[in-house]
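Scroll down for the structure; my scribbles are underneath it.
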Amino acid sequence: MAKKTYNYAQIEAVALEMRKNKDMVFFYEYETPVATLPTGEILDLVKEFGSVRTSGGGWAIDESWIVGAAIGVATAGSIAIARTPSMATIYAIEYIYNQAGKLRSMTGGQASMPFGLWQGGGSRTRGSAGQHTEVGQEALYANLPGVKVVVPSNAYDAKGLLIAAIRDPDPVIYYDYPEVKSGDQPDVPDDAYEVPLGKAVIRQPGKDLTLVAWAPATVDVKRALPDIAKAGISAEVIDPRTLKPLDVDTLVASVKKTRRLLVVDHGHYTNGFGSHVIAEVVQAVPGVKAKKIAFPDVPGPGAAGMMAWLRPDAPKIVDAAVQMMKG
């Protein structure tokens, strides 16, 4: 088991499944499916599996075509992954909404849909334009019927969730956020393994406050935890990993203990997925004290200073935690 980068863990997940299933295909636009280990070992999907099974190179820059082609392959019964970049989220939604998400239901279960959308996410850091800094579109997909949505926050979960998504008979949206790829990563086994869809993980146990965040908000939560502890607050940190189906049981069990829920969401404030997390918990735990921190309802700016001002960052998280302990 070698130390692996986040990107290598993802590409390795696809390679392992493509070796097992000779009919599986991987379509992409310009993000070439190549990854390198720190030791120098290169994993190249195009070189290993050929251009027929890894089409993308030389194709037109047309996300609708790439997603539609992959869904067509999945409709015929073969596993298909389509990888699209962060600024192209909206182009896939029509196909997911009208085709991929509904086919199993509309055929009475006769047709499966082994399709995965590997969707690049934006970043709440300095960007070249609003479309390159947008975050939180996983909430759009979570609203669509018939699909599952996963959002990994480290390399181990990335590989395991991607493999689970590939093996699932339903369409799965796999969100790939750049902010979680740097820094220390957990060890990633060489063999194939699954991180179960619909199962949250408790990153840190605590008794005073339940703090819920998923990539990339987990980056800010990690930065906030030392100061939250200095304030004398024992925070239980939960990473849902899968947003749909959401592991409500784990969230509810924690909040029944702490009686306080703080959700950090890098998506926009209005109708962000954090609102759904709160709605599920408060229905099950009456009287709980709940608060959400999210990005304002404005496009992500290009200026670094303005982005930092808007970002739900560590100081804002610490302040919210402290305020929730009052009264």
Side-chain angles (χ1 to χ4, degrees), residues 13 67 70-71 74 81-84 86 89-90 92-106 109 112-122 134-154 157-158 160-177 180 194-202 210 212-218 238-255 261 263-268 270-284 292 294:
V67 172
I71 290 174
I81 303 294
R83 184 180 185 182
T84 55
S86 62
T89 298
I90 197 67
I93 285 182
E94 191 276 332
Y95 289 91
I96 308 299
Y97 179 58
N98 280 320
Q99 305 297 331
K102 296 180 178 178
L103 186 66
R104 291 193 73 196
S105 175
M106 293 172 67
S112 63
M113 180 50 67
F115 163 76
L117 176 63
W118 179 341
Q119 176 61 58
E134 288 298 348
V135 174
Q137 286 74 39
E138 59 268 17
L140 299 178
Y141 285 109
N143 183 254
L144 304 183
V147 303
K148 299 174 182 178
V149 182
V150 298
V151 192
S153 300
N154 63 47
D157 286 351
L161 286 170
L162 188 50
I163 289 175
I166 291 169
R167 295 176 179 178
D168 199 276
D170 289 313
V172 180
I173 315 302
Y174 171 91
Y175 250 88
D176 179 19
Y177 276 112
V180 299
E194 293 187 44
V195 170
L197 303 185
K199 184 61 180 175
V201 61
I202 298 174
T210 300
V212 179
W214 56 96
T218 58
I238 299 178
D239 182 349
R241 300 191 295 192
T242 302
L243 300 189
K244 186 180 180 182
L246 182 66
D247 184 358
V248 177
D249 290 344
T250 294
L251 298 173
V252 167
S254 176
V255 175
L261 171 64
V263 180
V264 184
D265 185 350
H266 270 214
H268 293 291
T270 300
N271 289 336
F273 194 79
S275 298
H276 178 70
V277 172
I278 291 175
E280 289 288 344
V281 172
V282 299
Q283 290 180 94
K292 177 181 71 174

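In this chain, numbering begins with 1 at the start of the sequence shown.
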Quiz item: Between Asn143 and Asn271, does a side-chain contact (heavy atoms from CB on, under 4.5 Å) hold up when you go through it step by step?
Solution: CA-CA 10 Å; Asn143 183 254; Asn271 289 336; over 6 Å; no
Quiz item: Between Gln283 and Ala279, is there a donor-acceptor pair closer than 3.5 Å when you use the side chain of the first and the backbone of the second?
Solution: yes
Quiz item: Do any N or O atoms from the side chain of Ser86 and from the backbone of Gly120 form a donor-acceptor pair under 3.5 angstrom?
Solution: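 Not confirmed, Ser86 side chain does not pair with Gly120 backbone.
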Are side-chain heavy atoms of [X] and [Y] found at a separation under 4.5 Å?
| X | Y | result |
| --- | --- | --- |
| Glu138 | Lys244 | no |
| Pro171 | Ile96 | no |
| Ile93 | Ile90 | yes |

Quiz prompt | Atom pair CD (Glu280) and CG (Asp247), whose distance is rounded to the nearest 0.5 Å | solution =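 Between Glu280 CD and Asp247 CG, I get 11.0 Å after rounding to 0.5 Å.
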Self-check item: Ile71 CD1 to Leu117 CG distance, which is reported to the nearest 0.5 Å
Solution: 8.0 Å
Self-check item: No-hydrogen, no-angle side-chain donor-acceptor test under 3.5 Å, Thr218 and Asp239
Solution: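 Absent: no donor and acceptor within the cut-off.
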Quiz item: For residues Lys148 and Thr242, is any side-chain donor paired with an opposing acceptor at under 3.5 Å?
Solution: no
Exercise. Provide the closest heavy-atom pair for Pro152 versus Ala215 in the form atom of the first, atom of the second, distance.
Key: O-CB, 3.1 Å
Self-check item: Nearest atoms (heavy-atom pairs only) where Val67 meets Ala82
Solution: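 Shortest heavy-atom contact: CA-CB, 4.1 Å.
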Self-check item: Short N-O contact, Asp170 and Arg104, less than 4.0 angstrom
Solution: yes
Quiz item: Between Phe273 and Trp214, is the ring centre distance below 6.0 Å?
Solution: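 Phe273 vs Trp214: aromatic centres under 6.0 Å.
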